[in-house]
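If you're wondering where the values come from, they're calculated on a predicted model, not measured in any experiment.
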Amino acid sequence: FIRTMNVHLDKQITDVDERVWEQLMSSDWPGNVREFYNVLERAMNLTEGTRLQIEALPPEMLGKNKSMATSTQRNFPDMEKELIASVLDECSGNLSNVAKKLGIARSTLYRKMGKYGLNPWRVVEKQSD
């Protein structure tokens, strides 16, 4: 996300404060990957320099720090799978566009899709129903 947004936002963020990771990982993300993406984009827009600081996160997140051990916490593989599925839908299954949007190589995309059992043609199947 950060590499992709660096390009789109004309930023040079190369480091993230550990507290930012803790806060992002402890959130439930009821709005799914899009909400995560929007929060990260907003934080990057507010960041000056190359390090993403905790102060750039929305104020409502900073007051609701939850334990990383909560059962409702979503793990990274679940978030990654949901992100890839979302971008697959957004790009109508076009794998070149998906890989480009995610900032990863097509071979990496194929590997991750296999790992998560994602089918790029499910978008086309859904549209033809």
- Start with the C-alpha distance between Lys11 and Thr50, add both sets of side-chain angles, then the distance that settles side-chain contact (heavy atoms from CB on, under 4.5 Å), and finish with yes or no. CA-CA 8 Å; Lys11 294 284 187 173; Thr50 61; over 6 Å; no
- Option among Asp17, Val16, Ile13, Thr14 that satisfies the side chain to side chain contact (heavy atoms under 4.5 Å, CB included) test with Arg51: Asp17
- Task: Give, for atom OH of Tyr116 and atom CD of Glu82, the distance between the pair rounded to the nearest 0.5 Å.
- Result: 12.0 Å
- Once you round to the nearest 0.5 Å, how far does OG of Ser96 lie from NZ of Lys101? 14.5 Å
- Query: Closest approach of Arg106 and Ala99, non-hydrogen atoms and distance?
  - Reply: CG-CB, 3.9 Å
- Message: Donor-acceptor pair, distance only, cut-off 3.5 Å: does the side chain of Thr108 make one with the backbone of Ile104?
- Response: no
- Message: If you define the side chain from C-beta out and look only at heavy atoms, does anything of Val33 sit under 4.5 Å from Val87?
- Response: no
- Note on the structure: Rounded to the nearest 0.5 angstrom, the OG-CD distance for Ser27 and Glu35 is 8.0 Å
- Item | Main-chain N/O of Ala43 paired to Thr47 side chain as donor or acceptor, under 3.5 Å | yes
- Item | Glu41 side, atom CD; Leu46 side, atom CG - distance, nearest 0.5 Å | 10.5 Å
- Message: So, taking the atom named CD1 in Ile2 and the one named CE in Met44, what distance separates them when rounded to the nearest 0.5 Å?
- Response: 6.0 Å
- Relative to each other, are the rings of Phe1 and Tyr37 parallel, tilted or perpendicular (30° and 60° limits)? perpendicular
- Derivation and outcome, side-chain contact (heavy atoms from CB on, under 4.5 Å), residues Ile84 and Met113: CA-CA 8 Å; Ile84 293 170; Met113 287 174 54; 4.2 Å; yes
- Item | Side-chain (Gln23) to main-chain (Met61) donor-acceptor, under 3.5 angstrom | yes
- Message: Tell me which one of Leu118, Asn94, Leu109 satisfies side chain to side chain contact (heavy atoms under 4.5 Å, CB included) with Leu88.
- Response: Leu118
- Task: Hey, could you give me each pair passing salt bridge (Lys or Arg N to Asp or Glu O under 4.0 Å) that has a residue in residues 107-117? Not counting sequence neighbours.
- Result: Glu80-Lys112
- Rounded to the nearest 0.5 Å, the CZ atom of Arg19 sits from the CG atom of Leu52 at a distance of 11.0 Å
